2 protein chains.
Amino acid sequence: MSEQKVRNMEEFAALVGVSRPTVSKYFNDPSSVREKTRKRIEVALEQHDYRPNIYAINQNRRQTKTIGLVVPNLTDPFFAAIARIIEGMILEAGFNPLLLSSHAGPDQEISNLDSLRAIKPAGVLLAPLGRASKVDAIAEFAEQIPTTLFDANLDGVGEAFFGSDNDQSVALIVEYLCRSGEPPSFFELEDPVNPNAIKRRNAYKAAMERVGREPLFVRVEGSGWDFEEIGFSRGRELISRKQLPTSTVLCSNDRLAIGLLAAAFDQGISVGIGEDCSMRIAGHDDHPFARYTCPSLTTISQDYVAIGQHSVDTILGIIERGERLDQRIVSLFEGRLVMRGSA
Amino acid sequence: MSEQKVRNMEEFAALVGVSRPTVSKYFNDPSSVREKTRKRIEVALEQHDYRPNIYAINQNRRQTKTIGLVVPNLTDPFFAAIARIIEGMILEAGFNPLLLSSHAGPDQEISNLDSLRAIKPAGVLLAPLGRASKVDAIAEFAEQIPTTLFDANLDGVGEAFFGSDNDQSVALIVEYLCRSGEPPSFFELEDPVNPNAIKRRNAYKAAMERVGREPLFVRVEGSGWDFEEIGFSRGRELISRKQLPTSTVLCSNDRLAIGLLAAAFDQGISVGIGEDCSMRIAGHDDHPFARYTCPSLTTISQDYVAIGQHSVDTILGIIERGERLDQRIVSLFEGRLVMRGSA
DNA sequence: AATAAAACTTACCGCGCGTAAAATTATTGC
DNA sequence: GCAATAATTTTACGCGCGGTAAGTTTTATT
């Protein structure tokens with residue numbers, strides 16, 4: 001590696017022995033220059049480790065090579081896992097992912113979009129907070145920058161939405177629970193912020209009615225994203241006061257279920273499908289930790305590889321074609337029943 | 001909000017009625033322009049929502065207002081939590097955090113540093129992978145851009161290291177376990193990648209010897225960051241074959257402990273401090289989920305607020321002064337014993 | 001070898017801002 | 001009220017690259 005420092009593309013081009021525009025072409029698309037030239041540039045590149053100034057590049061380009069990825073809460077391992085998968089897909093497509101977390105706050109969500117606006121990304125994949133989101137501001141953002149939603153839908157916002165088919169997945173687990181024992185009650189927040197929660201509530205009701213059972217809701221107070229804590233503290237109260245209507249409980253998501261499992265343990269209730277168990281608990285999402293709860297959690301696994309891939313492909317398509325979709329796409333993917341020890 | 005779109009600072013300055021450089025000064029430091037001018041700019045700002053082009057800004061600045069934050073694995077809720085805290089501190093200091101995850105891979109770690117190099121951050125906070133890290137490349141990076149390490153130390157790399165005092169924290173929990181029952185054996189990976197793991201191993205040995213007990217190591221095979229899985233599968237084997245040397249087990253970290261707890265449950269072993277329990281399990285780190293394991297996990301809580309704050313303050317100091325530290329700082333913070341149900 | 005096509009060079013402009021130095025304006029002391 | 005000084009603003013220049021058009025050289029084709 002040469003000691004000489006290359007200050008800009010002009011200097012680097014001189015070292016290579018070609019003109020600056022040729023070097024510029026190379027960096028935009030190495031295959032757009034002649035084989036021989038490419039080799040020469042690449043040799044020089046190794047000797048001087050020059051890299052174009054990213055700010056100067058993006059100042060003039062209409063579009064950057066960045067794709068924004070905004071998730072509601074990175075502290076939630078579920079979203080951390082999805083984010084990681086999608087990051088990989090973006091990289092594979094030759095773009096740079098920029099991951100931002102809204103930290104469960106609508107203001108932070110808007111602030112993230114503002115940051116992205118400043119960066120002029122080619123596109124954005126957004127998993128919105130849901131009902132807490134400032135929809136108008138997000139819609140305005142999506143007008144400016146190609147945006148697709150995933151996980152949670154906001155009606156009419158963005159080019160597309162990819163998520164889970166809660167009707168299908170909840171029906172799946174409700175039917176399983178009914179088939180294998182007592183029909184479940186539904187454990188959820190009284191006033192959920194997440195649209196999925198509302199869809200699951202309705203899906204549960206419909207599924208129960210379909211099998212001729214009366215839907216029973218256990219609605220607990222609690223706000224925010226501290227689901228484990230809510231599941232634990234409210235669950236403990238309910239169990240100790242024997243206020244649970246059934247001994248089989250389907251939770252609106254895995255994190256609530258993890259809290260409820262802890263509450264049951266705390267109250268000396270053994271959970272599971274064995275003869276000696278007095279309670280069954282199921283969740284939804286296949287949280288990364290669902291495998292290691294005690295007992296391991298029966299749940300629904302979302303197809304987030306499909307969700308991620310469709311989100312990425314859609315945004316890439318829009319970027320390539322340079323024009324928006326004629327019609328907003330909404331596509332839902334089926335969940336898979338993951339049978340474990342808890343139900 | 002006016003409909004007229006402001007294209008650049010020139011136009012915006014014209015609208016305000018001052019020169020462009022004055023506006024530029026305002027954005028760099030609002031207090032650097034006269035009160036009257038500031039007010040006028042701010043009024044115009046509300047009417048036209050202009051924002052300077054971030055690429056044009058950074059093209060000419062020697063230093064950007066970005067601080068890089070690299071963690072080994074965002075999928076690990078422990079790091080997700082730390083990252084979030086540090087992000088907040090960076091924001092509070094008036095800088096923009098850029099969070100990157102190394103996804104447990106040395107190549108990704110280097111790739112993250114390369115990305116950061118392109119962005120010319122004012123400073124970087126790096127939690128390295130540890131022994132798997134490509135130390136030379138990281139050291140070279142730290143020469144170019146002010147960098148402090150946290151969580152895991154790499155000898156001599158970066159301006160400073162802030163981490164936990166494993167000697168103190170492990171002694172604390174070893175002494176507690178010895179005081180309250182059978183002395184613990186130490187459950188760990190045979191060949192750990194994390195420097196903390198090695199320090200904890202040694203700290204355990206020293207602490208046991210100090211109380212006049214023989215250190216007993218349970219070393220299991222397994223690589224990577226899939227600690228729960230390793231703890232679970234290896235733990236299950238050990239328990240079923242009755243190969244654990246003691247019924248009190250101190251795990252090298254909480255994630256291993258979570259796996260081991262699941263293994264114990266799987267094998268019908270009741271864990272906890274009650275009369276009817278036949279095993280005690282403790283961890284280290286106070287993982288966000290440690291509160292909701294069954295039973296809840298007795299562990300050591302790292303003072304990552306202090307770790308984060310010192311990391312941020314140190315890098316800010318270097319940035320402000322514009323020069324590196326005379327001497328590398330190494331500062332360790334004490335852990336706190338968190339007594340819960342498992343031990 | 002003639003021709004066409006591809007690749008490259010030259011020359012120029014524009015992007016949106018930072019920054020040092022010069023010019024202006026405001027403040028202070030007397 | 002006036003000069004001296006300090007604070008603020010303006011002038012003037014540069015940053016490192018993208019993009020384009022016209023001209024030149026190289027390569028591929030026949």
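Keep in mind that this is a model prediction, so the values were computed, not measured. Numbers restart at 1 for each chain; the letters A, B, ... are given by sequence-line order, proteins then strands.
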Would you please test B/Glu11 and B/Tyr50 for side-chain hydrogen bond (donor to acceptor under 3.5 Å, both in side chains) and show each step? CA-CA 10 Å; B/Glu11 276 187 29; B/Tyr50 159 77; over 6 Å; no

Side-chain N or O of A/Thr22 less than 4.0 angstrom from OP1 or OP2 on C/dT9? yes

Using a strict 4.0 Å threshold on nitrogen-to-oxygen distance, state whether B/Glu109 and B/Lys134 make a salt bridge. no

Between A/Glu140 (side chain) and A/Asp136 (backbone), is there a donor-acceptor pair under 3.5 Å? no

Between B/Asn28 (CG) and D/dT8 (P), how many Å, whole number? 15 Å

Lys/Arg-Asp/Glu bridge criterion (N-O < 4.0 Å) met for A/Glu159, A/Arg324: yes

Whole-Å distance separating the NZ atom of B/Lys65 from the P atom of C/dC17: 17 Å

For A/Tyr55 and C/dG18, what is the distance between atoms OH and P respectively, to the nearest whole Å? 13 Å

Nearest-Å distance for atom pair NZ/P, residues B/Lys120 and C/dC17: 19 Å

Nucleotide C/dC17, atom P - distance to CG of B/Asn58 in whole Å: 11 Å

Checking B/Arg38 against B/Glu35 for the salt bridge (Lys or Arg N to Asp or Glu O under 4.0 Å) test, could you report, in this order, the C-alpha distance in whole Å, the side-chain angles of both residues, the deciding distance, and whether it holds? CA-CA 5 Å; B/Arg38 180 162 63 246; B/Glu35 171 84 27; 2.9 Å; yes

Does some side-chain heavy atom of B/Ile110 sit less than 4.5 Å from a side-chain heavy atom of B/Ile138? yes

Have a look at B/Lys25 and say if it touches a base, only the backbone sugar-phosphate, or nothing, with a 4.0 Å heavy-atom cut-off. base

What is the distance, to the nearest angstrom, from the CD1 atom on B/Ile54 to the C1' atom on C/dG18? 15 Å

Aromatic plane relationship, A/Tyr304 with A/Phe78 - under 30° parallel, 30 to 60° tilted, over 60° perpendicular: perpendicular

Does a side-chain N or O from A/Thr37 land closer than 4.0 Å to OP1 or OP2 of C/dA7, or not? no

In whole Å, what is the span from the NZ atom of B/Lys36 to the C1' atom of D/dA7? 14 Å

What does the B/S/- profile of nucleotides 12-17 of chain D look like, 5' to 3', with a 4.0 Å heavy-atom cutoff to protein? B-BBBB

Nearest-Å distance, OH (B/Tyr26) to P (C/dG18)? 14 Å

